[in-house]
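Take a look at the structure below.
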Amino acid sequence: MTAQWVMYGIKNCDTVKKARNALTVSGIDYRFHDYRADGLDAALLQHFIDRLGYEALLNTRGTTWRRLPEAERAEIKDAASASAVMLAQPAIIKRPLLAAPDGSLLPGYSADLYHAFIQEKS
């Protein structure tokens, strides 16, 4: 089976919708993995953390982060503690997360970054 593009996120997120549209317009055939519908297991999350670091994955600007009690936020000090929170609340992961066929990952969305990433990896 040939490796393919995969976008991870939550389908009703506006940023994910923009990113999905950008892939469609670019003619990229991809699979969408919805954290809520398809789940998120510890091994996949650890793979993301190993590649990017937990800091790049933890969305500290979103509502899920702001809704976390201050004590819980203060407990996130390393990859293990961040992973526990991300597994419990996948909406706290920066989205979308785009995986190229070669395994490269791009967190978040920016039209310019997507264009460059797609050009480089296609």
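Numbers here are sequence positions counted from 1. Values reported hereafter were calculated over all heavy atoms of this structure, with side chains retained and with hydrogens, waters and symmetry mates removed.
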Should Val6 and Leu40 be counted in the same cluster of Ile, Leu, Val, Met, Phe, Trp and Tyr side chains packed under 4.5 Å apart?
-> yes
If you group Ile, Leu, Val, Met, Phe, Trp and Tyr by side-chain heavy-atom gaps below 4.5 Å, do Tyr8 and Ile118 land in one group?
-> no
Ignoring hydrogens and geometry, is there a side-chain-to-backbone donor-acceptor pair from [X] to [Y] under 3.5 Å?
X	Y	answer
Arg51	Gly103	yes
Asn59	Ile93	no
Arg31	Gln4	no
Asn21	Lys17	no

Side chain proximity check, [X] to [Y], heavy atoms < 4.5 angstrom:
X	Y	result
Leu57	Lys94	no
Met7	Arg20	yes
Ser122	Trp5	yes
Leu58	Ile92	yes
Tyr30	Thr24	yes
Thr60	Arg73	no
Val16	Phe32	yes
Leu52	Leu97	yes

Tyr54 and Val85: CA distance, side-chain angles, deciding distance, side chain to side chain contact (heavy atoms under 4.5 Å, CB included) verdict | CA-CA 11 Å; Tyr54 77 90; Val85 171; over 6 Å; no
Take Arg95 and Cys13, measure what side chain to side chain contact (heavy atoms under 4.5 Å, CB included) needs, and give me the verdict at the end.
-> CA-CA 8 Å; Arg95 52 190 190 268; Cys13 171; 3.3 Å; yes
Out of curiosity, [X] [atom1] to [Y] [atom2], how far, rounded to the nearest 0.5 Å?
X	Y	atom1	atom2	answer
Leu44	Leu87	CG	CG	9.5 Å
Arg67	Gln89	CZ	CD	10.0 Å
Gln46	Met86	CD	CE	9.0 Å
Lys121	Leu106	NZ	CG	10.0 Å

With side chain to side chain contact (heavy atoms under 4.5 Å, CB included) as the test, would you mind laying out the steps for Leu45 and Asp41 before giving the verdict?
-> CA-CA 6 Å; Leu45 179 58; Asp41 63 41; over 6 Å; no
His47, NE2 atom: more than 12 neighbouring heavy atoms under 6.0 Å = yes
Step by step, would you call Leu105 with Leu98 a side chain to side chain contact (heavy atoms under 4.5 Å, CB included)?
-> CA-CA 6 Å; Leu105 298 171; Leu98 182 61; over 6 Å; no
Which atom pair, heavy atoms only, marks the closest approach of [X] to [Y]?
X	Y	result
Ala56	Pro107	O-CB, 4.1 Å
Lys77	Ala74	CE-O, 3.1 Å
Ala79	Ile49	CB-CG2, 3.9 Å

Qualifying ring-ring contact (aromatic ring centres under 6.0 Å, His included) pairs with a residue from residues 75-113, counting only residues at least two apart or across chains =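 Matches after skipping sequence neighbours: Tyr109-Tyr114.
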Evaluate the side-chain hydrogen bond (donor to acceptor under 3.5 Å, both in side chains) criterion for residues Asp112 and Ser110: first the C-alpha distance (whole Å), next the side-chain angles of each, then the deciding distance (0.1 Å), finally the verdict.
-> CA-CA 5 Å; Asp112 292 339; Ser110 151; 5.1 Å; no
